[in-house]
Number of protein chains: 2
Amino acid sequence: MINHELIHTLHQLSRRLTNKLNEALKPTGLYGSQWAVIFVLKNKGSLTQKELSEYLAVEAPPMTRTIQRMVKQGYVKQIPGQDKREKRVELTDEAHAKYPEWEKIVIELNKSLLPKSHKEELYQLQKSWLEQLY
Amino acid sequence: MINHELIHTLHQLSRRLTNKLNEALKPTGLYGSQWAVIFVLKNKGSLTQKELSEYLAVEAPPMTRTIQRMVKQGYVKQIPGQDKREKRVELTDEAHAKYPEWEKIVIELNKSLLPKSHKEELYQLQKSWLEQLY
DNA sequence: AATAATTAGTTACCTAGGTAACTATAATGG
DNA sequence: CCATTATAGTTACCTAGGTAACTAATTATT
């Protein structure tokens, strides 16, 4: 029985956190999945869509959609790679300019949401579980 | 930084488990969200849609959709309550008949997916975190 | 008793993420 | 060198879950 509970709790936790993030990001016009991409690009520089989707462990089609939306918003540009199949994605100047404000919102939110204690413990448990799943 | 990692890992874990569940349930024609409803109904008897969505912590509209699909599949029936706004949902005989087979699949899957140790610990951490979020 | 407010469920529309099938380019093998 | 195979990205379509706006039934208020 605890197995069911464990998975259900995990699922619920994940959904609730996503909702909170989207809510907090509302004034910025960003969604959580977009923020994830922006965060990676800010820290890793330009990446191909393939690299992005691998890094975030998401399939290619949702990545395409998320990026296309961000292109429309003017936060990201797609630059054809040497390999003409590839598209390198990078943040626009506008995105770089707005980044600090976005980051602040997310950091504040995380502070308020994350368990005060046991953070490291929980992270290690999750990570080792995730690794078991391959 | 660990905050980002923690949330990302949790999200990824949740997605991966959902995918595994859907994959395992494929031969039955059920999806994970439908299984969740069936599991609750089996253990609680008939419930209104409101009660179901509260119990599973899901909003009413997705619950409506999930149930409508299950009605079409013949696994669930909607019975008008005394309060004519309500619809009580219960499993059909067919669903009861197939339940043991479904349960077996899920139990086998969970056994193979869940971390051998630290299960209780992880569950408690998640639960206390979830409670903090209200 | 009649009107107002609340509640259960549905519909429409949005993002998130998955698979399958496709296109265009690149890499490989005969 | 050409044909085959592999790869990056896109499109179409599916489930999951969310909000807003609606309908119909019930409860509260005046």
Side-chain angles (χ1 to χ4, degrees), chain A residues 7-8 10-26 28-37 46-73 76 78-89, chain B residues 7-8 10-26 28-37 46-73 76 78-89:
Chain A
I7 289 181
H8 182 237
L10 178 68
H11 189 55
Q12 211 182 318
L13 199 47
S14 168
R15 270 167 45 221
R16 190 167 300 276
L17 290 170
T18 301
N19 294 346
K20 292 269 187 187
L21 178 58
N22 282 329
E23 199 182 323
L25 285 175
K26 213 162 202 175
T28 72
L30 289 175
Y31 284 89
S33 62
Q34 300 177 307
W35 164 252
V37 171
S46 88
L47 293 177
T48 65
Q49 296 189 193
K50 175 79 173 159
E51 288 167 334
L52 265 174
S53 70
E54 270 170 8
Y55 192 79
L56 292 172
V58 154
E59 299 300 321
M63 187 51 67
T64 294
R65 277 194 302 272
T66 300
I67 288 170
Q68 284 173 347
R69 240 175 300 159
M70 289 164 75
V71 169
K72 267 189 204 144
Q73 286 172 302
V76 131
Q78 291 170 307
I79 293 167
Q82 283 191 326
D83 181 336
K84 283 176 192 167
R85 292 169 302 180
E86 289 181 347
K87 298 183 176 177
R88 300 199 73 80
V89 181
Chain B
I7 290 181
H8 182 238
L10 179 69
H11 189 54
Q12 211 182 319
L13 199 47
S14 168
R15 269 168 45 220
R16 189 166 301 275
L17 290 169
T18 302
N19 294 346
K20 293 271 187 186
L21 178 58
N22 283 328
E23 199 182 322
L25 285 175
K26 214 163 202 173
T28 72
L30 288 175
Y31 285 90
S33 61
Q34 300 178 306
W35 164 253
V37 171
S46 87
L47 293 177
T48 64
Q49 296 188 193
K50 174 76 175 164
E51 288 167 335
L52 265 174
S53 70
E54 270 170 9
Y55 192 79
L56 292 172
V58 153
E59 298 300 321
M63 187 51 68
T64 294
R65 277 194 302 270
T66 300
I67 288 169
Q68 283 174 347
R69 239 175 299 162
M70 290 165 74
V71 168
K72 267 189 204 144
Q73 287 172 300
V76 130
Q78 290 170 308
I79 294 166
Q82 284 190 323
D83 180 334
K84 284 174 191 166
R85 290 170 305 180
E86 289 181 348
K87 297 183 177 176
R88 300 197 73 82
V89 182

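Nothing here was measured: the structure is a model prediction, and the numbers come from that model. Just so we're on the same page: letters track the sequence lines, and every chain starts at 1.
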Visitor: Using a 4.0 Å heavy-atom cut-off across all strands, classify A/Glu54 as base, sugar-phosphate, or nothing.
Guide: nothing
Visitor: Between C/dT19 atom P and B/Asn19 atom CG, what is the distance in whole Å?
Guide: 6 Å
Visitor: Mind checking whether A/Leu21 and B/Ile7 have side chains closer than 4.5 Å, heavy atoms only?
Guide: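 No, their side chains stay 4.5 Å or more apart.
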Visitor: Is the shortest side-chain N/O distance from A/Gln49 to OP1 or OP2 of D/dT7 below 4.0 Å?
Guide: no
Visitor: Between B/Arg69 and D/dC14, is there a side-chain N or O to OP1/OP2 distance below 4.0 Å?
Guide: no
Visitor: Please work out if B/Asn22 contacts a base, only the sugar-phosphate, or nothing of the nucleic acid, heavy-atom cut-off 4.0 Å.
Guide: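 No contact at all - B/Asn22 keeps every heavy atom at 4.0 Å or more from the nucleic acid.
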Visitor: Tell me, do B/Ile67 and B/Leu52 make a side-chain contact under 4.5 Å, heavy atoms counted?
Guide: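 Yes, at least one pair of side-chain atoms sits under 4.5 Å.
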Visitor: Looking at B/His11, does any N or O in its side chain come under 4.0 Å of the phosphate oxygens OP1/OP2 on C/dA16?
Guide: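 For C/dA16, neither OP1 nor OP2 has a side-chain N or O of B/His11 closer than 4.0 Å.
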Visitor: Where is the tightest heavy-atom contact between B/Thr64 and B/Gln49, given as atom of each residue plus distance?
Guide: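 What the structure gives for the nearest pair is OG1-NE2, 3.6 Å.
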Visitor: Taking atom P of D/dT15 as reference, at what distance in whole Å does atom CD of B/Glu23 sit?
Guide: 18 Å
Visitor: Mind checking if A/Glu51 touches a base, just sugar-phosphate, or nothing, with heavy atoms under 4.0 Å?
Guide: nothing
Visitor: Which whole-number value in Å describes the distance from A/Met70 CE to C/dT15 P?
Guide: 14 Å
Visitor: Tell me, which of residues 60-67 of chain A have any heavy atom that sits under 4.0 Å from an atom in DNA chain C?
Guide: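 A/Pro61, A/Pro62, A/Arg65, in order of number.
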Visitor: Might you point out which heavy atoms bring B/Leu25 and B/Leu30 nearest each other, and give the distance in Å?
Guide: CB-O, 3.4 Å
Visitor: NZ of B/Lys50 versus P of C/dT10: gap in Å, rounded?
Guide: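 After rounding, the gap between these two atoms is 13 Å.
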Visitor: Can you measure A/Leu30 atom CG to C/dC14 atom C1' for me and round it to whole angstrom units?
Guide: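 About 16 Å, once rounded to whole Å.
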Visitor: How long is the gap from CG on A/Leu10 to CZ on B/Arg16, to the nearest 0.5 Å?
Guide: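 With rounding to 0.5 Å, CG (A/Leu10) is 12.5 Å from CZ (B/Arg16).
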Visitor: Can you confirm whether A/Gln73 is buried at CD, in the sense that more than 12 heavy atoms of other residues, nucleotides or ligands lie under 6.0 Å from that atom?
Guide: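 Counting other residues, nucleotides and ligands, CD of A/Gln73 exceeds 12 neighbours.
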Visitor: Determine yes or no for a side-chain-to-main-chain donor-acceptor pair under 3.5 angstrom, with A/Thr18 supplying the side chain and A/Ser14 the backbone.
Guide: yes
Visitor: Write down the distance between CG (B/Leu52) and P (C/dT7), rounded to a whole number of angstrom.
Guide: 19 Å
Visitor: Could you walk me through whether B/Gln78 and B/Val71 pass the side chain to side chain contact (heavy atoms under 4.5 Å, CB included) check?
Guide: CA-CA 8 Å; B/Gln78 290 170 308; B/Val71 168; 4.0 Å; yes
Visitor: Whole angstroms only, please: what is the OH-P distance between B/Tyr31 and D/dG17?
Guide: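 Atom OH in B/Tyr31 sits about 13 Å away from atom P in D/dG17.
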Visitor: Can you name the closest pair of heavy atoms from B/Val58 and B/Met63 and give their distance?
Guide: CG1-N, 4.2 Å
Visitor: Under 4.0 Å between a side-chain N or O of B/Gln34 and OP1 or OP2 of D/dT15?
Guide: no
Visitor: With sequence neighbours excluded, tell me which residues meet salt bridge (charged side-chain N to carboxylate O under 4.0 Å, His left out) with A/Arg65.
Guide: none
Visitor: Which sits closer to the 5' end of DNA chain D, A/Gln68 or A/Lys26, going by the nucleotide each is nearest to?
Guide: A/Gln68
Visitor: Measuring from the side chain of B/Ser33 (C-beta onward, heavy atoms only), which nucleotide among C/dG9, C/dG17, D/dG17 has the closest atom?
Guide: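 From the listed options, D/dG17 comes nearest.
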Visitor: If you take any heavy atom closer than 4.0 Å to DNA chain D, which residues from residues 82-89 of chain B end up in contact?
Guide: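 Correct list: B/Gln82, B/Asp83, B/Lys84, B/Arg85.
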Visitor: Whole angstrom is fine here: how far is it from CD in A/Glu59 over to P in D/dG9?
Guide: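 So the CD-P distance, A/Glu59 to D/dG9, works out to 13 Å.
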